[in-house]
Amino acid sequence: MTAKPSLLVTRKLPDAVLERAARDYEARLNAEDKLYGPDEMIERAQGCDAILTCSPEKFTAEVIARLPASVRAVATFSVGTEHMDLEAARARGLVVTNPPDVLTDSTADITLLVLLGAARRAYEGQRMVREDKWFGWTPTQLLGVQVSGKRLGILGMGRIGLAVAKRARGFDMEIHYHNRNRLAPEIESGARYHAQAEAMLGHCDFLSINCPATPETHHFLDARRIALLPERAIVTNTARGAIVDDGALIAALKSGRLAAAGLDVFEGEPDIHPGYRDLPNVFILPHMGSATLETRNAMGFKCLDNLDAHFAGAEPPDRVA
Ligand code: 8YV
C-alpha cells in the first residue's frame, strides 16, 4: 500500500470534510481554528504534499517562494483567488485549484437577503423590536423601497450574477448587466447589456456587485461612479469589499444620496471601516455568502476532489494555476 499524501488543512472545516480528509490523507488539522500567519503556516506545512487553505491566508509571491519544496498543490476553499499570486504559483509549478459552482446558489441567496434587508430597512426594524422601542404600528413607520418593478444592475454576470438575476426576476425586477463579454441571448434572458459599466449605472435603482476583485475592479464604486447612480439608489456587495471605496459609500449613505446598502463583504474585513457601524441604512452581514452546511460541505469536497485528481496523476477539474 502506498503512503497517503500529507495535507495541511489550515482551518477547521465542516466535520464531513475533515473526516474525508483524514480518511484519504495524512491530514494535519487545526482543531482550534486558529488563523495562521505566513510563518506558522509555512512551518506547519513542512514535509506536506499539499495545503487546503482559505481566503484569509495570503499566498503572496513571497509566501509561495518560501513554501516547503514538498508542497506541490494548494486547494483554496474559496471561489475567489485574489489572496493568491497565481502568476507566482505558475512560475513555481504549484498546482492551485478553487471550488466553483457549488457556492453560486447560497451566495445569490445572500445577495437577495441583503438587497431586501437594505430596501426594507430590516436592521432598523430588528433593532426597534429588540431594543423595546416599538410602540405599535403606524402608517408611516419604517417605509422602505419597493423592489418590484425596479431596475437591478448587476456588475459581473458570471455564475453568481446570473443566479442573482434569476432570483430578482422572481421579484419582478428589470435586469441590466455589465460584464467583460456580452452573454448569448438565451443566457441573457432579456437582461439589457451595457458594454461600459458607467453607462449602466444611470439605470440602477439597485446595483448588485458580483464581479471578482482584480486590479481593474479595485475601488470601482467610488464617488464619481456613485454620482452616476439615480438619486436614492441602493447598492449591494456580496463579492469583495475592495471593489467599493468605503469612504465614498459611507458619505453617500450619510447624505441620503443613496437610500441604503446591503453588504456582506468589506475591505480589510473583519476590521471594517468604522463609519459603517452606526449607519442605520446599511444592512450588514459578516461574509456569510457561502455559509450553509450544504455549501461548505460541497466546497470542501470539491477541494478534495481536486487534490485527489492531482495525486492520482490527473488534471484537477478546477485548476486555476
Ligand atoms: C469563502 C468566498 O467561504 O468563496 C469565496 O470566494 O467569498 C467565501 O464564500 C471564504 O472566502 C473563505 O475562504
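Numbering starts at 1 and runs along the sequence shown. What you see is a predicted model, and the numbers here were worked out from it, not measured in a lab. Just so you know, ligand 1 is whichever comes first in the structure, and atom 1 is the first atom listed for that ligand.
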> Counting heavy atoms not belonging to R319, are there more than 12 under 6.0 Å from its CZ?
Replying inline: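 Yes, enclosed.
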
> Does a side-chain N-to-carboxylate-O contact under 4.0 Å join K150 and E174?
Replying inline: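 Judged by the 4.0 Å cut-off on N to carboxylate O distance, K150 and E174 do not form a salt bridge.
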
Please list, in number order, the atoms of ligand 1 under 4.0 Å from a heavy atom of [X].
{"X": "R240", "answer": "2 (C), 5 (C), 6 (O), 7 (O), 11 (O)"}
{"X": "S55", "answer": "10 (C), 11 (O), 12 (C), 13 (O)"}
{"X": "S290", "answer": "1 (C), 3 (O), 8 (C), 9 (O)"}
{"X": "R296", "answer": "3 (O)"}
{"X": "C54", "answer": "13 (O)"}
{"X": "F77", "answer": "1 (C), 12 (C), 13 (O)"}
{"X": "L103", "answer": "4 (O), 9 (O)"}

> How far is atom 4 (O) of ligand 1 from its nearest protein heavy atom, and which residue and atom is that?
Replying inline: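 Scanning the protein heavy atoms, the shortest distance from atom 4 (O) of ligand 1 goes to V79 N, 2.7 Å.
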
>> Parallel, tilted or perpendicular, judged at 30° and 60°: which one describes the rings of Y276 and F266?
In response: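 Rings of Y276 and F266: perpendicular, over 60°.
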
>> Please report whether ligand 1 has a polar contact with G80, defined as an N or O pair separated by less than 3.5 Å (distance criterion only).
In response: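 Yes: some nitrogen or oxygen of G80 is under 3.5 Å from one in ligand 1.
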
> Among E188, H194, M157, whose side-chain contact (heavy atoms from CB on, under 4.5 Å) with N179 holds?
Replying inline: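 The single option meeting the side-chain contact (heavy atoms from CB on, under 4.5 Å) with N179 is M157.
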
>> Counting C-beta onward and ignoring hydrogens, is there a side-chain heavy-atom pair between R72 and V95 closer than 4.5 Å?
In response: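 No, their side chains stay 4.5 Å or more apart.
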
>> So E43 and Y36, do their side chains get closer than 4.5 Å, heavy atoms only?
In response: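 No; the side chains remain at least 4.5 Å from each other.
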
> Which part of T107 is near ligand 1, with near meaning a heavy atom under 4.0 Å away: side chain, backbone, both or neither?
Replying inline: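 Contact part for T107 vs ligand 1: neither.
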
Only distances under 3.5 Å count here; give the side-chain donor-acceptor pairs of residues 49-56 to other protein atoms, sequence neighbours excluded, each with its distance to 0.1 Å.
{"unit_1": "D49", "atom_1": "OD2", "unit_2": "S6", "atom_2": "N", "d": "2.7"}
{"unit_1": "D49", "atom_1": "OD2", "unit_2": "S6", "atom_2": "OG", "d": "3.3"}
{"unit_1": "T53", "atom_1": "OG1", "unit_2": "E57", "atom_2": "OE1", "d": "2.5"}

